[in-house]
Amino acid sequence: MKFIHTADWHLGKLVQGVHMTEDQRLVLAQLIETIEQERPDALVIAGDLYDRAVPPTEAVRLLDDTLATIVLDMGVPVIAVAGNHDSPGRLDFGSRALKSNGLHIAGPIRREFEPVVLNDSAGEVHFHLVPYTDPSMVRHVLEDPYIKTHDDAMKAITGRIAEHMDPAARHVFVGHAFVTPRGEQEDNTSDSERPLAIGGAEHVSAQHFEPFHYTALGHLHKAHYVLNETIRYSGSPMKYSISEEHHQKGFLIVDLAEDGSAIVEKRLFAAKRDMRSVEGTIAEITAHDRSEDYVFVTLLDDTPVLYPMEKVRSVYPNAMHVQRKTFAKEASESTIGKRRKMDPMQLFNAFYEEVKGDAPSEETAELFGEVLQEFLHADSEREEVKS
């Protein structure tokens with residue numbers, strides 16, 4: 001069976017106040033063209049179809065047009081899950097009626113994990129859809145008081161799925177999580193993704209996916225595999241932050257053989273505009289050839305530059321940010337870089353120690369962690385209410 005694995009479309013995304021919708025329309029048109037050429041058995045979207053719970057009208061129309069073309073006009077089933085940016089209820093609306101047409105979307109988590117079953121000449125392939133869900137919700141739905149972290153939740157979910165797996169079928173897991181080889185803490189691959197939890201509680205062990213022949217993941221924006229080559233992130237289709245400057249954006253074509261082995265091919269998208277950083281004096285930069293790219297500019301002039309953005313945009317009309325590099329900033333760059341990679345709990349500890357001269361007590365750190373976790377959960381609920 002051949003299917004395409006993609007994720008993290010983030011339709012409706014704003015970068016530095018700039019709408020990405022037209023750029024997204026271009027890459028999705030390339031995806032449709034590939035589907036027409038390859039005629040896959042399914043398209044898998046592993047979460048974050050939208051950038052926020054209540055997306056703008058243009059984003060809703062773009063998703064509707066894209067899915068209608070793929071499912072109705074081309075007859076290719078779409079299998080998708082909600083990500084942490086999506087509204088589960090919004091994506092779930094009308095899902096039962098749409099299944100008969102080949103659109104399978106898992107919004108909220110449910111107690112029963114019924115797979116989407118597709119067939120090819122070698123037999124059945126079961127797609128197990130697990131949307132992003134806060135551990136507290138999984139604890140409630142599964143009635144398991146021992147679920148505290150994202151890793152606990154995934155272990156419980158995959159364990160329940162494995163209990164009912166048909167040994168004669170091939171199995172594909174579709175999910176949205178921060179997966180590392182053994183659940184250890186790692187840096188996110190993009191500054192544009194918000195943390196799912198604090199203090200390392202968002203990380204999930206890749207070992208939970210051993211029962212599956214292929215695991216299609218979303219959430220991390222850089223395409224890569226975890227632990228082994230069958231547990232993969234497709235990455236986002238576009239650069240959504242300058243931290244993604246060196247990512248190669250695309251999608252994965254997965255060919256699942258009769259014995260469950262998978263051959264994976266990466267295809268790249270051709271972006272309408274690149275996103276990259278530019279350094280130089282204002283004289284050097286304004287001497288460049290005109291470019292439509294999204295650029296983040298660092299000026300190396302020793303003296304202040306009047307109206308820098310206006311001058312930069314004479315050659316880079318889509319410039320997103322201009323900053324001046326100073327000696328003081330350069331001296332503290334390593335410290336700033338380290339702090340940008342810290343999660344909220346690590347930042348609190350560093351701030352407390354800097355102000356107080358000593359690390360916070362275990363009780364203080366635990367109290368801050370509880371308050372922050374409540375804030376993150378409340379923020380998620382507010383997004384859901386808006387939808």
Side-chain angles (χ1 to χ4, degrees), residues 1-11 13 20-51 59 62-63 65-71 73-74 76-83 85-86 102-105 116 118 125 127 129 172-177 179 189-190 192-193 213-226 229-241 244-256 262-275:
M1 176 167 288
K2 181 165 65 176
F3 60 90
I4 291 176
H5 169 198
T6 180
D8 297 285
W9 290 4
H10 288 277
L11 301 183
K13 181 76 174 179
M20 296 285 107
T21 307
E22 288 309 308
D23 299 70
Q24 291 169 331
R25 191 183 302 278
L26 177 68
V27 295
L28 291 182
Q30 293 173 42
L31 181 63
I32 290 172
E33 184 178 350
T34 300
I35 292 172
E36 189 171 15
Q37 293 170 351
E38 296 289 335
R39 301 308 300 179
D41 296 290
L43 171 69
V44 172
I45 312 172
D48 282 350
L49 286 78
Y50 292 123
D51 188 58
L62 178 54
L63 181 63
D65 291 344
T66 302
L67 296 183
T69 299
I70 296 170
V71 176
D73 299 343
M74 306 175 76
V76 175
V78 169
I79 296 169
V81 299
H85 283 255
D86 296 312
L103 179 57
H104 308 270
I105 298 183
V116 174
L118 298 182
V125 176
F127 291 83
L129 279 57
V172 176
F173 183 95
V174 183
H176 193 89
V179 178
T189 60
S190 172
S192 68
E193 262 305 329
H213 295 98
Y214 184 85
T215 298
L217 295 170
H219 180 57
L220 300 184
H221 287 191
K222 184 178 181 180
H224 66 286
Y225 67 85
V226 186
E229 294 189 17
T230 63
I231 304 172
R232 285 185 176 266
Y233 285 94
S234 66
S236 59
M238 287 177 51
K239 298 176 183 180
Y240 291 130
S241 163
E244 301 176 32
E245 179 179 10
H246 301 297
H247 291 188
Q248 297 293 310
K249 299 300 187 180
F251 56 92
L252 304 175
I253 298 180
V254 183
D255 208 332
L256 203 61
I263 297 175
V264 182
E265 178 191 355
K266 182 174 180 179
R267 297 277 185 90
L268 299 181
F269 284 121
K272 185 175 183 179
R273 303 178 182 91
D274 193 14
M275 185 177 290

Quick one, [X] and [Y] - any side-chain contact, counting heavy atoms below 4.5 Å?
{"X": "Thr230", "Y": "His213", "result": "no"}
{"X": "Phe3", "Y": "Asp41", "result": "no"}
{"X": "Ile45", "Y": "Leu67", "result": "yes"}
{"X": "Leu220", "Y": "Ser190", "result": "no"}
{"X": "Leu26", "Y": "Asp23", "result": "no"}
{"X": "Arg267", "Y": "Glu265", "result": "yes"}
{"X": "Lys249", "Y": "Ser236", "result": "yes"}
{"X": "His5", "Y": "Val174", "result": "no"}

N/O donor-acceptor pair under 3.5 Å between Gln30 side chain and Ala270 backbone: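 Side chain of Gln30 to backbone of Ala270: a pair is present.
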Any side-chain to backbone donor/acceptor pair from Asp8 onto Gly235? Under 3.5 Å, distance only.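 No; zero donor-acceptor contacts below 3.5 Å.
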Applying salt bridge (charged side-chain N to carboxylate O under 4.0 Å, His left out) as the test, list every pair that has at least one member in residues 231-241; sequence neighbours left out.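 Those involving residues 231-241 are Glu229-Arg232, Lys239-Asp274.
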Indicate the atoms forming the closest heavy-atom contact of [X] with [Y], along with that distance.
{"X": "Ala7", "Y": "Pro237", "value": "O-CD, 3.5 Å"}
{"X": "Lys266", "Y": "Ala223", "value": "NZ-CB, 3.5 Å"}
{"X": "Lys13", "Y": "Asp51", "value": "CD-OD1, 3.2 Å"}
{"X": "Ala42", "Y": "Ile79", "value": "CB-CD1, 4.2 Å"}
{"X": "Glu244", "Y": "Ser192", "value": "OE2-OG, 3.1 Å"}
{"X": "His221", "Y": "Tyr240", "value": "CE1-CD1, 4.1 Å"}

[atom1]-[atom2] distance between [X] and [Y], expressed to the nearest 0.5 angstrom:
{"X": "Leu11", "Y": "Leu62", "atom1": "CG", "atom2": "CG", "answer": "5.0 Å"}
{"X": "Phe127", "Y": "Leu129", "atom1": "CZ", "atom2": "CG", "answer": "9.0 Å"}
{"X": "Tyr225", "Y": "Tyr233", "atom1": "OH", "atom2": "OH", "answer": "15.0 Å"}
{"X": "Ile105", "Y": "Leu49", "atom1": "CD1", "atom2": "CG", "answer": "6.5 Å"}
{"X": "Ile70", "Y": "Leu28", "atom1": "CD1", "atom2": "CG", "answer": "7.5 Å"}
{"X": "Leu43", "Y": "Ile4", "atom1": "CG", "atom2": "CD1", "answer": "6.0 Å"}

Begin with the C-alpha distance, continue with both residues' side-chain angles, and end with the deciding distance and a verdict on side chain to side chain contact (heavy atoms under 4.5 Å, CB included) for Ile32 and Met74. CA-CA 9 Å; Ile32 290 172; Met74 306 175 76; 3.9 Å; yes
Answer yes or no: does atom NZ of Lys222 have more than 12 heavy-atom neighbours from other residues, nucleotides or ligands under 6.0 Å?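 Open.
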For atom CD1 of Ile263, decide whether the heavy atoms of other residues, nucleotides or ligands shown that lie under 6.0 angstrom number more than 12.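 No, the 6.0 Å shell around CD1 holds no more than 12 heavy atoms from other groups.
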Worked check of salt bridge (charged side-chain N to carboxylate O under 4.0 Å, His left out) between Glu22 and Lys272: CA-CA 9 Å; Glu22 288 309 308; Lys272 185 175 183 179; 5.6 Å; no
Glu193 and His85 side chains, donor-acceptor separation under 3.5 Å: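 Yes, side-chain donor-acceptor contact under 3.5 Å.
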List for me each residue that meets salt bridge (charged side-chain N to carboxylate O under 4.0 Å, His left out) alongside Glu36, sequence neighbours excluded, and say none if there are none.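 Salt bridge (charged side-chain N to carboxylate O under 4.0 Å, His left out) list for Glu36, sorted by chain: empty.
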Kindly indicate, with the supporting measurements, whether the criterion side chain to side chain contact (heavy atoms under 4.5 Å, CB included) is fulfilled by Leu31 and Phe269. CA-CA 8 Å; Leu31 181 63; Phe269 284 121; 4.1 Å; yes
Could you work out, with side-chain contact (heavy atoms from CB on, under 4.5 Å) as the rule, every residue matching Ala262, not counting sequence neighbours?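 Tyr214, Val254, Leu256.
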Trace of the side chain to side chain contact (heavy atoms under 4.5 Å, CB included) decision for Asp48 with Asp86: CA-CA 6 Å; Asp48 282 350; Asp86 296 312; 4.1 Å; yes
